[in-house]
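Here is the structure we will look at.
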Number of protein chains: 2
Amino acid sequence: MKFDEVDVLILEELQKDSRLSIRELSKRVNLSPPSVTERIRKLEDNGVIEGYTVKINKKKIGFSIDCIIRVTMKNGQYERFKTFIREYKLSEWCYRTAGEGCFLVKLSAKSLNDIEEFVNSIASYTTTETILAFSEVEINNNINKFLKDK
Amino acid sequence: MKFDEVDVLILEELQKDSRLSIRELSKRVNLSPPSVTERIRKLEDNGVIEGYTVKINKKKIGFSIDCIIRVTMKNGQYERFKTFIREYKLSEWCYRTAGEGCFLVKLSAKSLNDIEEFVNSIASYTTTETILAFSEVEINNNINKFLKDK
DNA sequence: GCTGAAAACACAGACCC
DNA sequence: GGGTCTGTGTTTTCAGC
């Protein structure tokens, strides 16, 4: 798809605040409101923009422990695990991985007990390695970081 | 903080589409627009709502490889690595971890060559284990999943 | 890509339950 | 805590260029 600097500017501004009005957005990128609307529509149609969401601070609502768990299937029951993890109440993301282990899962938990429960609940058909996160290193995720210097 | 079902409903709707107007939001949660505005303001002030952002599909803009790298420092140069990773052009998130390894880093890359470059660039003071992601398992991240059944 | 006018919306104040 | 009304200014949308 076509994709110019103005599109990147729009994505940057929406990344910082997706509730910005079209009007304010149009001022920041020096275009008229209808033009900005049209560009956003195209980015949505192309699937570059998947949606707009709110960032919720999980720590503020009691989920103070982040951990990543490496899950290895004992008997190749991949689909069983996938079905389970999609709706598991503490799961945030999950990747099917190459190398040691079969899945990498991120949990957001209230206590270590939550994590023990998780591990126990899949222990019959998996083995696990639990990696506790001490802290998160804040990363610059501005889309421009990925696209510049080419 | 206080936190009732209506607050959860508001967060759910904003999670699905943060560009909703206050009016539309108020219809969906059966409250008047001023009340919804006030609740959102409180959620923002309390830090539960950290911000509003756009979901960008990285695959659509050429970043088709996801990988997670376990980084171990040879000489404890944690700050050096943190400073590096914060602005590294392919990094998406990073955790300081307990257990084997010191950091877990997620990269979004265009090619395996990108990943080789990353590993090479920190090889002098770290050792790494690269975990390629075959695919992502789509997780239900509705905030209600975390809060229900208590 | 732009403008311009009509319709929809957000916000603030005053007031009440 | 919640709701309404009303006024003001802003924003979106759509037609036409």
Side-chain angles (χ1 to χ4, degrees), chain A residues 1-63 110 142-144 146-148 150, chain B residues 1-57 60-62 142-150:
Chain A
M1 77 163 283
K2 284 177 300 190
F3 202 80
D4 68 13
E5 323 79 56
V6 180
D7 290 313
V8 176
L9 271 176
I10 291 174
L11 289 174
E12 269 191 80
E13 293 296 336
L14 286 175
Q15 233 182 2
K16 283 187 263 176
D17 180 8
S18 64
R19 280 188 69 78
L20 271 182
S21 70
I22 296 293
R23 192 161 199 279
E24 177 59 27
L25 206 45
S26 68
K27 282 180 196 158
R28 299 193 188 180
V29 305
N30 284 311
L31 231 57
S32 71
S35 305
V36 172
T37 304
E38 181 60 12
R39 278 170 181 267
I40 290 179
R41 197 194 54 73
K42 280 185 188 155
L43 288 166
E44 289 170 349
D45 289 352
N46 286 324
V48 174
I49 291 181
E50 284 185 327
Y52 307 92
T53 195
V54 59
K55 282 180 278 183
I56 296 174
N57 187 327
K58 290 258 181 67
K59 301 225 185 312
K60 296 274 180 180
I61 54 175
F63 296 86
K110 292 195 168 197
N142 191 309
I143 191 67
N144 197 37
F146 290 87
L147 299 174
K148 72 188 172 193
K150 320 219 289 193
Chain B
M1 72 164 287
K2 284 177 300 187
F3 203 78
D4 68 13
E5 322 81 55
V6 181
D7 290 312
V8 175
L9 272 177
I10 291 174
L11 289 175
E12 269 190 80
E13 292 297 334
L14 287 175
Q15 232 181 5
K16 282 187 265 177
D17 181 7
S18 64
R19 284 188 66 77
L20 275 179
S21 69
I22 297 293
R23 239 181 154 77
E24 177 60 26
L25 206 45
S26 68
K27 282 178 198 159
R28 299 194 187 180
V29 305
N30 284 312
L31 229 57
S32 72
S35 304
V36 171
T37 304
E38 180 61 11
R39 278 170 182 267
I40 290 178
R41 196 194 54 73
K42 280 184 189 158
L43 288 166
E44 289 171 348
D45 289 353
N46 286 324
V48 173
I49 291 181
E50 283 185 329
Y52 307 92
T53 195
V54 61
K55 283 180 278 184
I56 296 174
N57 187 328
K60 296 274 180 181
I61 54 175
N142 191 309
I143 191 67
N144 197 37
K145 182 183 82 170
F146 291 87
L147 299 174
K148 73 187 172 195
D149 302 331
K150 319 224 290 203

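Residue numbers begin at 1 in each chain, while the letters A, B, ... track the order of the sequences. On a predicted model such as this, the values are computed, not experimentally measured, just so you know.
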Nearest-Å distance for atom pair [atom1]/[atom2], residues [X] and [N]:
X: B/Asp7; N: D/dG2; atom1: CG; atom2: C1'; result: 13 Å
X: A/Ile22; N: C/dT3; atom1: CD1; atom2: C1'; result: 17 Å
X: B/Leu25; N: C/dC9; atom1: CG; atom2: C1'; result: 14 Å
X: B/Ile40; N: D/dG1; atom1: CD1; atom2: P; result: 15 Å
X: B/Asn30; N: D/dG1; atom1: CG; atom2: C1'; result: 17 Å
X: B/Glu38; N: C/dA10; atom1: CD; atom2: C1'; result: 15 Å

For this session: Could you tell me whether the phosphate oxygens of D/dT10, OP1 or OP2, come under 4.0 Å of any side-chain nitrogen or oxygen in A/Arg23?
Result: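 Checking A/Arg23 against D/dT10: no side-chain N or O falls below 4.0 Å of OP1 or OP2.
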Exercise. Has B/Arg39 got a side-chain N or O lying under 4.0 Å from the OP1 or OP2 atom of D/dG1?
Worked result: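 Looking at the OP1 and OP2 atoms of D/dG1, neither is under 4.0 Å from any side-chain N or O of B/Arg39.
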Exercise. If you measure from the Lys or Arg side-chain nitrogens to the Asp or Glu carboxylate oxygens, is any gap between B/Glu12 and B/Lys16 under 4.0 Å?
Worked result: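 Here B/Glu12 does not pair with B/Lys16 in a salt bridge, since their nearest N and O are not under 4.0 Å apart.
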Exercise. Would you call A/Arg41 and A/Glu44 a salt bridge, using N to O less than 4.0 angstrom?
Worked result: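 Answer for the salt bridge query: no.
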Problem set entry | Donor-acceptor pair, side chain of B/Thr53 and main chain of A/Gln15, under 3.5 angstrom |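 Present.
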For this session: Report, as yes or no, whether the 6.0 Å neighbourhood of atom NZ on B/Lys60 holds more than 12 heavy atoms from other residues, nucleotides or ligands.
Result: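 12 or below, so no.
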Problem set entry | Side chain of B/Leu31 (C-beta onward), nearest among C/dG1, D/dG2, D/dT12 |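 It is D/dG2.
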Counting the atoms with a prime plus P, OP1 and OP2 as sugar-phosphate, which does [X] contact under 4.0 Å by heavy atoms, base, sugar-phosphate, or nothing?
X: B/Arg41; value: nothing
X: A/Pro34; value: base
X: A/Lys27; value: nothing

Exercise. Toward the 5' end of DNA chain C, which comes first, A/Ser32 or A/Arg19, by nearest nucleotide?
Worked result: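 Whichever sits nearer the 5' end wins; that is A/Ser32.
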